[in-house]
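Since the model is a prediction, treat every value here as computed from it, not as a measurement.
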Amino acid sequence: MPFLTRPCGARLWYECRGSGPSVLLLAPGGMHSNSRMWARASFDAWSQLPHAGFRCIAMDQRNAGKSARCPLGNGWQTYLDDQLALLDRLGCETSLTLGCCIGPSFQLRMNSAASDRVSAAVLLQPIGMARHTVEKQTWTGLNTGATSHWFDLWANDMERNGRASRTELMQLEASMFGSGFVFSVSREEVASIHTPMLVAPGSDVYHPCAIAHEIVALSPRSRLLDRQWTDTGEATFGAIVRFLREHAASQPFHEQQTDV
């Protein structure tokens with residue numbers, strides 16, 4: 001079973017499936033973001049994309065799934081450092097990325113701070129807090145349940161198992177979810193992102209449709225899927241695969257592997 005060892009004793013589980021251009025998968029599940037969550041998602045990228053000609057890289061974020069008992073770190077930057085370290089381990093100078101739920105917040109941080117590492121990104125059901133008007137259209141999606149949904153259950157588990165104190169967890173919560181919008185980056189940072197992005201809106205209070213619309217309105221090379229992420233049929237899957245293939249030309253081909 002492959003693990004990536006990080007500073008301060010963190011051990012991150014990952015796995016690769018399929019052959020072709022690499023796609024880093026950033027799973028749904030909030031702070032529980034791990035590869036098993038894909039089976040619960042509307043689109044199981046971990047099972048489906050390897051059959052479409054891609055090498056998919058799944059990882060369990062620190063203190064989620066098999067990457068348990070890791071130091072908390074310093075929020076979004078720590079997660080970004082983990083993700084880039086995994087790409088380095090696998091020899092990926094650049095990669096496609098696909099994320100769902102909290103995944104797009106990870107992706108937007110990477111697109112902003114390490115744009116040279118990402119050739120294109122698919123953002124499914126981005127999380128966030130927004131009420132915004134763009135070009136005389138108003139999208140409402142103020143997510144008042146954000147913190148409890150994405151943080152509290154995970155934090156309670158961490159405290160109950162003696163892996164972090166309540167004070168440490170409250171500090172991490174403020175660092176990660178105290179800024180609003182998509183949490184990991186500001187609106188100004190999203191507006192400066194030139195990574196090609198395909199964005200699929202969510203359709204519930206935890207994944208407000210407004211967030212996807214605002215990301216696309218702000219970022220010059222992003223576009224919206226023409227349906228909310230309640231339609232996961234062949235047309236939607238085909239649009240995602242076409243977008244990834246369109247931006248995969250510069251990616252090296254990787255042979256199938258299940259361990260490194």
Separation between OG1 of T94 and CG of L96, rounded to the nearest 0.5 Å: 7.5 Å
Side-chain touch V118/H247, heavy atoms, less than 4.5 angstrom: no
Close side-chain approach of M110 to L84, heavy-atom, < 4.5 Å: yes
Donor + acceptor pair across side chains of R55, S19 (<3.5 Å): no
Single-linkage hydrophobic cluster, 4.5 Å side-chain cutoff, M37 and L98 together: no
Full working for side-chain contact (heavy atoms from CB on, under 4.5 Å) between V182 and R109: CA-CA 10 Å; V182 296; R109 181 79 174 202; over 6 Å; no
More than 12 heavy atoms from other groups under 6.0 Å of CG on N74: no
Atom of A52, atom of F237 and distance for their closest heavy-atom approach: CB-CZ, 4.4 Å
Flag, side chain of E214 to backbone of I211, donor-acceptor distance under 3.5 Å: no
Heavy-atom closest contact (F151 atom, L169 atom, distance): CZ-O, 3.2 Å
Check: W76 ring centre within less than 6.0 Å of F106 ring centre: yes
Evaluation steps, side-chain contact (heavy atoms from CB on, under 4.5 Å), between I57 and L86: CA-CA 9 Å; I57 305 164; L86 178 57; 3.8 Å; yes
R221 side chain to N111 side chain, donor-acceptor N/O pair below 3.5 angstrom: no
Test side-chain contact (heavy atoms from CB on, under 4.5 Å) applied to E188 and L218, step by step: CA-CA 8 Å; E188 291 74 20; L218 289 168; over 6 Å; no
R69 side, atom CZ; M158 side, atom CE - distance, nearest 0.5 Å: 9.0 Å
Heavy-atom pair with the smallest gap, counting every atom of C56 and W46: O-CZ3, 3.5 Å
Stepwise side-chain contact (heavy atoms from CB on, under 4.5 Å) check, C101 with Y206: CA-CA 8 Å; C101 183; Y206 301 116; over 6 Å; no
May I have the list of side-chain donor-acceptor pairs in residues 190-200 shorter than 3.5 Å, sequence neighbours left out?
residue : atom : partner : partner atom : Å
S192    : OG   : E189    : O            : 2.7

Euclidean distance, L12 CG relative to R89 CZ, rounded to 0.5 Å: 10.5 Å
N/O donor-acceptor pair under 3.5 Å between S33 side chain and Q61 backbone: no
Side chain proximity check, R17 to F54, heavy atoms < 4.5 angstrom: no
Side-chain (S95) to main-chain (C92) donor-acceptor, under 3.5 angstrom: no
Rounded distance [0.5 Å steps], OG in S22 versus CD in E93: 11.5 Å
R223 and F243, any side-chain heavy atoms less than 4.5 Å apart: yes
Expected output: side-chain S184 to main-chain S105 donor-acceptor under 3.5 Å: yes
Nearest non-hydrogen partners of Q107 and L123, listed with the distance: OE1-CG, 3.7 Å
Rounded distance (nearest 0.5 Å) linking atom CE of M129 with atom OG of S179: 10.0 Å
Side chain to side chain, L49 and L244, heavy atoms closer than 4.5 Å: yes
Student check: side-chain heavy atoms of E15 and S35 closer than 4.5 Å: no
Residue pair N34 / A64: nearest heavy atoms and the distance that separates them: CB-C, 4.3 Å
Spacing of F3 atom CZ and W13 atom CH2 [to the nearest 0.5 Å]: 8.5 Å
Closest non-hydrogen atom pair, L172 against M31: CD2-CE, 4.3 Å
Within-4.5 Å side-chain heavy-atom neighbours: Y14 and L90: yes
R117 versus Q83, side-chain donor and acceptor atoms under 3.5 Å: no
All side-chain hydrogen bond (donor to acceptor under 3.5 Å, both in side chains) counterparts of D82, not counting sequence neighbours: R6, R62
Side-chain touch F43/I240, heavy atoms, less than 4.5 angstrom: yes
